[in-house]
Amino acid sequence: MNSRVEQTRTASSTDVVMYVVAVLLVAAGVFAFYWFENQWSTSLRVGAVVGGLVAALVLFMFSAKGRDTREFLAESRFELRKVVWPTRQEATRLTWVVAGVVLLISLIMAGFDAVVQWAVKLLLGH
């Protein structure tokens, strides 16, 4: 658990400009995809979309929210090191247990469905 006090930060005007430019970069990539439909190959048009997304992501990562996102990802990676992962045998055994429970519940639901169908047919006189 992180003991630091969370401080709320408001977006500065620079951050707002960065967000707007990032959205415009994504929009430009999508626009290029459709505008150059007959002039460019599909792979080049997809590249324009991916390029717009990547450029927007890079720009976003330099904003305040981007710094917060990088910090969150670093802390998440640190926390993942603390996890005690199950062994292969434990994971396999639990997978079989989950599959068995899913099968059992699906059979129970199928039984309920059959009973409801029978009751509806009985009530409707079919």
Side-chain angles (χ1 to χ4, degrees):
M1 189 163 143
N2 196 343
S3 62
R4 292 187 304 164
V5 176
E6 295 292 326
Q7 297 177 358
T8 58
R9 292 181 249 176
T10 58
S12 69
S13 59
T14 306
D15 288 336
V16 172
V17 170
M18 290 173 118
Y19 300 148
V20 169
V21 171
V23 169
L24 289 175
L25 285 168
V26 173
V30 173
F31 178 79
F33 182 83
Y34 289 107
W35 184 263
F36 297 108
E37 186 171 8
N38 296 325
Q39 291 95 0
W40 293 358
S41 67
T42 303
S43 59
L44 189 60
R45 293 181 321 152
V46 168
V49 174
V50 171
L53 287 170
V54 168
L57 182 64
V58 168
L59 188 62
F60 171 77
M61 290 309 253
F62 285 107
S63 69
K65 288 290 183 190
R67 284 186 289 278
D68 291 345
T69 301
R70 285 195 313 268
E71 183 179 335
F72 171 76
L73 292 174
E75 289 178 11
S76 297
R77 188 172 175 205
F78 177 73
E79 291 295 327
L80 279 175
R81 291 186 199 140
K82 297 179 184 179
V83 174
V84 178
W85 297 101
T87 64
R88 183 176 183 90
Q89 182 182 7
E90 290 171 333
T92 303
R93 191 177 321 129
L94 288 175
T95 300
W96 282 111
V97 169
V98 168
V101 169
V102 167
L103 180 65
L104 178 68
I105 297 296
S106 66
L107 291 174
I108 290 171
M109 296 295 285
F112 286 153
D113 185 48
V115 169
V116 169
Q117 279 183 354
W118 173 79
V120 169
K121 287 180 182 177
L122 185 69
L123 289 172
L124 294 177
H126 289 276

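For Val98, the side chain to side chain contact (heavy atoms under 4.5 Å, CB included) partners two or more places apart in sequence, or in a different chain, are Val102. Shown here are the side chain to side chain contact (heavy atoms under 4.5 Å, CB included) partners of Arg70, two or more places apart in sequence or in another chain: Met61, Arg67. The side chain to side chain contact (heavy atoms under 4.5 Å, CB included) test applied to Leu107 returns Leu103, not counting sequence neighbours. Looking at residues two or more places apart in sequence or on another chain, you find a side chain to side chain contact (heavy atoms under 4.5 Å, CB included) between Gln39 and Phe36.
Between the CD atom of Glu75 and the CG atom of Leu80 there is a distance of 12.0 Å, given to the nearest 0.5 Å. Once rounded to the nearest 0.5 Å, the distance linking CD of Glu90 with OG1 of Thr92 reads 10.0 Å.
Inter-residue side-chain proximity for Asp113 and Met109 is flagged as unmet; no heavy-atom pair is nearer than 4.5 Å.
Residues Phe112 and Leu104 fall within the same hydrophobic cluster, defined by Ile, Leu, Val, Met, Phe, Trp and Tyr side chains chained together at heavy-atom separations under 4.5 Å.
Contact between Ala56 and Ala22 at its shortest, heavy atoms only, is CB-O, 3.3 Å. Of all the heavy atoms in Tyr19 and Ala64, the pair that sits closest is OH-N, 4.4 Å. Here the closest heavy-atom approach between residue Ala91 and residue Pro86 is recorded as N-CB, 4.4 Å.
The hydrophobic cluster containing Trp96, built from Ile/Leu/Val/Met/Phe/Trp/Tyr side-chain heavy atoms closer than 4.5 Å, comprises no other residue. Grouped with Met18 in one hydrophobic cluster are Val17, Val21, Leu25, Val26, Val30, Phe33, Tyr34, Val46, Val49, Val50, Leu53, Val54, Val58, Leu59, Phe62, the linkage being side-chain heavy-atom contacts under 4.5 Å among Ile, Leu, Val, Met, Phe, Trp and Tyr residues.
Ion pairing between a basic and an acidic side chain is recognised when a charged N comes within 4.0 Å of a carboxylate O; Glu79 and Lys82 show such pairing.
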